[in-house]
**Student:** 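Here it is: the structure, laid out below.
Ligands are counted one by one from 1 in listed order, and the atoms in each one are counted from 1 as well. Positions are given from 1 along the sequence.
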Amino acid sequence: MIAPFVFARNPAIQFGSGKISVLPKAVKAYGKHVLIITGAASFINSKTWAKLQDDFSNNGITWDHFTIDKEPSPSLVDECVKNFQEKNIEVVVAIGGGSVLDAGKAISAMLREKASVQLFLEGVGTRTHSGNKVPFIAVPTTSGTGSEATKNAVLSEVGEQGFKKSLRHDNFVPDLAIVDPDLTLSCPKHITAYTGMDAFTQLLESFLSTNANPMTDSLALEGLKRISASLVNCYENGKTDIGARTDMAYASLISGITLANAGLGTVHGFASTIGGYFDIPHGVICSALMGPVNNITVKSLQQKDPDNIALQKYAEVGKLFSKDKNKSDAYYIEFILTQIDELTKRLEIPKLSAFNLTGKDIDRIVTGSDNKNNPVKLSPEQMAKALEMAL
Ligand code: NAD
């Protein structure tokens, strides 16, 4: 019997190669003056941006422009809001990686508030957001975070007292996601690797989540199928292989939908804590921890809870990645664990020690992290072991 579940709202979605062309018309549905948020370099130096500006002008659209050059902080969001609050912004459009999308999501949420975004951050502030926002269109240029489909924006203040926390409200799901894989062709190999592994982790963790439901399961499996078909091709031939880029753009979008509805596991339980203390790209943290956390999770389930459905799910994922037919569940479980380790090496994912994280940091990271919806709760000792393996 299907257990009761909730499936939250999604953005309207325009998906496919060339879809960026619908943006001017989509903006006009909301008004004539738009705030565009982009990264600092790749997109604004592209022919697509030059054409988009012509198309905006031809459609009578005027715009302000703000750039984001790192994972966003509350002060950066406040600065942008201060600059543009009085400018009658009718719609916010973010075109970029997860950092730009999250910045845009937070800015659209704060343009109608007269207070710092920090006051509304989960676990940091004390105020509850009303959900009143300026309409928001998300246009991802990486295939990784799925932020174009989620209701949260992740903001961080990195340092000894640092934090990485979400601004969250059902209304913050973007009104429209334009997912055009052409925009990801310019991603360099290392960013393709980190972000692709982030999407893989999000799909796997939401599939295994204790809060998964039949809708998230079928979506996550489809996303994982695309990862198995195309992550390596994207890494090897990402400048030209639009088929592989399209698969990864789809996998990433789906990962946002599944994570928003099923939740995530221990890898992401670590990611926000580590991301508050260290300036390490989110995708690297997730990729480096994926192998260790899944290895320890499987061993723990096999010892303590061998009938747990999560083990069958690991086998199902192993089948998607393996060419071998008619093997046992144990074979496919081992296969997917080995596959994750091999992908981590093939995609040249750095160890966390490359970013000055050392054994001395393990205790405080474990103390600040949690298992989220991991299929088994790892003990502090097991979490410490996973971290040590990722160093
Ligand atoms: P990113 O946005 O930080 O981008 C990484 C780098 O890639 C940047 O230097 C950027 O300029 C560059 N880049 C982006 N697109 C490019 C392109 N097409 N060509 C060339 N260079 C390009 O990285 P990300 O992994 O996409 O996003 C990470 C952020 O997303 C983190 O802050 C993380 O916490 C957040 N996140 C949010 C959610 C959510 O649901 N809101 C989910 C997961 C992660």
**Student:** Can you measure from CG (Asp182) to OG1 (Thr141) and round to the nearest 0.5 angstrom?
**Tutor:**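 Here the rounded value is 12.5 Å.
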
**Student:** Answer yes or no for atom 8 (C) of ligand 1: protein heavy atom present at a distance under 4.0 Å?
**Tutor:**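 It does not: no protein heavy atom is found less than 4.0 Å away from atom 8 (C) of ligand 1.
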
**Student:** Within a reach of under 6.0 Å around CG of Asp279, are more than 12 heavy atoms found that belong to other residues, nucleotides or ligands?
**Tutor:**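 It does not: Asp279 CG has 12 such atoms or fewer within range.
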
**Student:** If we only consider heavy atoms of Cys187, is any one of them less than 4.0 Å away from an atom in ligand 1?
**Tutor:** yes

**Student:** Quick check on atom 2 (O) of ligand 1 - does any protein heavy atom sit closer than 4.0 Å to it?
**Tutor:**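 Yes, because at least one protein heavy atom sits under 4.0 Å from atom 2 (O) of ligand 1.
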
**Student:** Can you find a protein heavy atom closer to atom 42 (C) of ligand 1 than 4.0 Å?
**Tutor:** yes

**Student:** If we ignore angles and hydrogens, is there a donor and acceptor under 3.5 Å between the side chains of Ser147 and Lys105?
**Tutor:**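 Yes, Lys105 and Ser147 have a side-chain donor paired with an acceptor closer than 3.5 Å.
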
**Student:** Quick check: does Glu71 get an N/O under 3.5 Å from an N/O on ligand 1?
**Tutor:** yes

**Student:** Is atom 34 (O) of ligand 1 in close reach of the protein, with a heavy atom under 4.0 Å away?
**Tutor:**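 When distances to the protein are checked, atom 34 (O) of ligand 1 has a heavy atom within 4.0 Å.
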
**Student:** Please evaluate residues Lys87 and Asp64 with respect to the criterion salt bridge (charged side-chain N to carboxylate O under 4.0 Å, His left out), reporting the C-alpha separation (whole Å), side-chain torsions for both, the decisive distance (0.1 Å), and the verdict.
**Tutor:** CA-CA 9 Å; Lys87 286 202 144 184; Asp64 282 297; 3.3 Å; yes

**Student:** Should the proximity of Ser42 to ligand 1, defined as any heavy atom under 4.0 Å, be assigned to the side chain, the backbone, both, or neither?
**Tutor:**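 For Ser42, the contact with ligand 1 is made by the side chain alone.
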
**Student:** Assess the pair Tyr194 and His282: is the distance between their ring centroids shorter than 6.0 Å?
**Tutor:** no

**Student:** As an exercise, identify every atom of ligand 1 less than 4.0 angstrom from a heavy atom of Gly98.
**Tutor:** 2 (O), 24 (P), 26 (O), 27 (O), 29 (C), 30 (O)

**Student:** Counting the benzene-type ring for Trp, do Phe15 and Tyr250 have ring centres under 6.0 Å apart?
**Tutor:** yes

**Student:** Could you see which bit of Leu101 sits under 4.0 Å from ligand 1, with heavy atoms only: side chain, backbone, both or neither?
**Tutor:** neither

**Student:** How many angstroms lie between CG in Leu264 and OG1 in Thr201, if you round to the nearest 0.5 Å?
**Tutor:** 9.0 Å

**Student:** Applying a heavy-atom cut-off of 4.0 Å, say which part of Thr145 lies close to ligand 1: side chain, backbone, both or neither.
**Tutor:**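 Looking at Thr145 and ligand 1, atoms from backbone and side chain both fall under 4.0 Å.
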
**Student:** Of all the heavy atoms in Pro188, does at least one lie under 4.0 Å from an atom in ligand 1?
**Tutor:**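 Pro188: in contact with ligand 1 (<4.0 Å).
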
**Student:** Are the aromatic ring centres of Phe200 and Phe321 under 6.0 angstrom apart?
**Tutor:**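 They qualify: ring centres under 6.0 Å apart.
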
**Student:** Just which atoms of ligand 1 are under 4.0 Å from any heavy atom in Thr142?
**Tutor:**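 Heavy-atom distances to Thr142 below 4.0 Å select 14 (C), 15 (N), 26 (O).
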
**Student:** Specify side chain, backbone, both or neither for Lys70, according to which of its non-hydrogen atoms lie closer than 4.0 Å to ligand 1.
**Tutor:**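 Answer for Lys70: neither.
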
**Student:** Under a 4.0 angstrom heavy-atom cut-off, which atoms of ligand 1 come close to Thr141?
**Tutor:** 14 (C), 15 (N), 16 (C), 17 (C), 18 (N)

**Student:** Do Asn152 and Thr150 get their side chains close enough for a donor-acceptor pair, meaning under 3.5 Å?
**Tutor:** yes

**Student:** Looking at ligand 1, does Gly97 have a heavy atom less than 4.0 Å from it?
**Tutor:** yes

**Student:** What atoms in ligand 1 come closer than 4.0 Å to a heavy atom of Ile191?
**Tutor:** 6 (C), 7 (O), 12 (C)

